[in-house]
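Order of the sequence lines fixes the chain letters, A, B, ..., with proteins taken first and strands second; residue numbering starts at 1 for each chain.
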Amino acid sequence: MISSLSPQPLIKPNTGTTLSPIPHVQNQRFKLASHVCPSELLSIRKRPGSACAATTQHRRYLLFPAEEEEEEREVKFTSDAPALAEELQRESMPRHVAVIMDGNRRWAHLRGLPVGSGYEAGVKSLKTLVELCCKWGIRVLTVFAFSSDNWFRPEVEVEFLMSLLESGVKEEKESFIRERIRISVIGDTSKLPKRLEELVINVVETTKNNTRFQLIVAVSYSGQYDLVQACQRIAMKVKDGLIEPNDVSESLIEQELETNCTEFPYPDLLIRTSGELRISNFMLWQLAYTELFFSQSLWPDFGEAEFLEALKSFQQRRRHYGK
Amino acid sequence: MQKVYSWACQIGNLGLWIIWLLIHFAVDLWYFALHIACAIESYLISSGILKRYKALDIDKLRYLAIVIESEEAYHIPAVIQLLQWLVDIGVKHVCLYDAEGILKKSKESILGKLNNATLFEEAGESNLLLDHKHITLEFASFPDGKEAVAKAANLLFMKYVKLGGSGKIQEEKIFTEAHMSEALRAVGCKGPEPDLLFVYGPVRCHLGFPAWRIRYTEIV
């Protein structure tokens with residue numbers, strides 16, 4: 001038996017949910033005390049140690065979003081020196097973490113909630129993750145918010161996502177400025193609704209000089225698109241006589257990729273939630289030596305404990321960069 | 001009274017600690033037993049006594065890629081044994097990748113040791129359908145990744161220059177994902193997108209496997 005050729009599992013053990021039946025509750029517009037589903041026969045109980053960003057007893061989820069009832073959780077940051085969790089080593093923290101935020105719809109489906117509630121819960125998880133990254137000294141976080149393949153989803157869902165993105169950016173804009181967070185957006189933004197596109201341009205421009213932390217949001221993005229647009233930009237430089245066609249090299253392509261908006265364009269760690277084992281056309285060029293961590297948690301359930309687990313796993317690995 | 005209370009607390013804590021240790025021990029014992037059972041099962045499958053893989057439905061797996069870390073890639077006999085297992089299971093097409101190209105350099109010896117193995121580039125459709133135990137092998141290394149994309153891009157740039165490209169529309173017409181895929185095939189990177197990618201080594205990354213091809217590949 002070739003023990004040295006046994007593949008190490010990339011999947012982490014299930015830290016997710018257990019389900020048990022509860023009495024039927026009439027379906028109506030109301031606040032949920034916890035994960036009680038109003039119309040289905042399920043309750044969700046978390047295993048100890050599996051923290052959920054949006055599932056404390058004080059959080060409420062609505063069947064239909066209502067601004068006056070929805071609890072808004074402001075992004076809190078500490079301006080003190082990064083207070084690292086005990087289990088982590090400061091010297092081997094990743095500088096750039098990328099996340100594929102998968103599992104929002106499944107999370108909502110498990111609870112008998114509309115898909116929109118899943119995405120809203122996902123936004124809360126994202127806020128938590130941004131706070132943790134700032135707290136623990138991670139310099140760049142790239143999140144895969146909307147893939148170019150997602151345009152093929154139902155129109156209602158796409159419109160909801162666009163409006164969620166718009167409201168999220170508007171609400172947090174002041175917070176980003178106050179906390180010196182730089183926002184960058186990668187992807188084909190020409191496909192976004194005009195209002196959202198303008199908002200994105202405005203936020204990117206307003207925060208471009210912030211240096212404390214960078215949040216890169218991939219919207220209408222695909223790895224292949226990134227490479228193709230890099231080639232288009234190089235072609236324009238070739239046309240303008242700035243470079244010769246034969247001078248095109250890997251490093252030139254890398255400079256033109258959209259992820260070149262950051263000091264650390266190559267993620268050290270990629271986390272994908274919901275147990276899927278694919279990178280789904282995300283940052284194809286940039287992930288050559290990125291450590292991959294596939295978490296079984298659904299994205300709205302991905303909180304501090306899950307992030308800690310991913311970071312601990314990262315710190316235990318030996319990275320050779322192919323050498 | 002206080003002494004009694006404190007004494008009771010200490011005994012209580014000790015009792016809880018012992019219960020915690022016992023639970024911990026029970027869990028450790030359970031996982032240890034599971035590990036032993038897995039090891040025995042693996043041995044029985046490897047030695048051919050237990051043919052669990054006969055029930056596997058391999059039809060979904062049209063193309064398998066295997067990434068081996070360069071240090072491990074020197075163990076050619078181990079690689080050959082892995083390929084023989086894959087042939088037994090019924091896997092038809094495999095791409096072997098290591099960053100430094102060690103497997104590429106050893107391809108003659110690997111092909112020689114396997115029966116009914118041919119290079120992916122030389123295999124034709126008719127060969128693939130005839131023999132159930134036939135396997136095609138593709139050998140890839142780091143230059144087949146980023147360097148190949150740069151070469152493919154150069155091909156497109158030469159075409160762009162020849163057409164006297166001007167304007168954004170021209171760039172968008174020439175530089176598309178489909179054209180890039182075509183250009184990659186023209187520079188020799190003809191392999192399809194793998195359905196599944198195994199990574200062997202201490203790291204959990206694909207070590208520069210041709211990224212253009214792993215958009216939706218399951219990675220284990």
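Residue Trp212(B) holds its CH2 atom at 8.0 Å from CG of Leu284(A), rounded to the nearest 0.5 Å. Between the CZ atom in Arg278(A) and the CG atom in Leu197(B) there is a gap of 13.5 Å [rounded to 0.5 Å]. Rounded to the nearest 0.5 angstrom, Cys205(B) SG and Arg317(A) CZ are separated by 9.0 Å.
Under a 3.5 Å cut-off, the side chain of Asn281(A) and the backbone N or O of Tyr216(B) do not form any donor-acceptor pair. Counting only distance, with no hydrogens or angles, the side chain of Gln232(A) and the backbone of Phe175(B) share a donor-acceptor pair below 3.5 Å.
Glu291(A) has no carboxylate O lying under 4.0 Å from a charged side-chain N of Arg204(B), or vice versa, which leaves the two without a salt bridge.
The neighbour count for Lys113(B) NZ, taken as heavy atoms of other residues, nucleotides or ligands under 6.0 Å away, does not exceed 12.
Top candidate by heavy-atom pairs under 4.5 Å with chain B, chosen from Asp149(A), Leu270(A), Asp240(A), is Asp149(A). With chain A as the partner, the residue from Thr217(B), Val149(B), Asn154(B) showing the most heavy-atom pairs under 4.5 Å is Asn154(B). Contacts with chain A were tallied for Glu177(B), Met158(B), Lys151(B), Glu147(B); Glu177(B) has the most, counting heavy-atom pairs under 4.5 Å.
Put simply, the side chain of Met180(B) reaches to within 4.5 Å of the side chain of Cys231(A), judged on heavy atoms. Under the 4.5 Å side-chain criterion, counting only non-hydrogen atoms from C-beta, Leu287(A) is in contact with His206(B).
Residues from residues 249-257 of chain A that place a non-hydrogen atom less than 4.5 Å from a non-hydrogen atom of chain B comprise Ser249(A), Glu250(A), Ile253(A), Glu254(A), given in numerical order.
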**OP:** I would like to know whether Arg215(B) and Phe282(A) meet side-chain contact (heavy atoms from CB on, under 4.5 Å); could you show each step before the answer?
**Re:** CA-CA 7 Å; Arg215(B) 285 183 302 167; Phe282(A) 183 50; over 6 Å; no
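Contact annotation for Tyr225(A): both backbone and side-chain heavy atoms come within less than 4.5 Å of a heavy atom of chain B. For a residue to count as touching a neighbouring chain, one of its non-hydrogen atoms must lie under 4.5 Å from one of that chain's; by this rule Val238(A) touches chain B with the side chain only. In this structure, no portion of Phe209(B) lies under 4.5 Å from any heavy atom of chain A. With a threshold of 4.5 angstrom between heavy atoms, Ile214(B) approaches chain A through its backbone and through its side chain.
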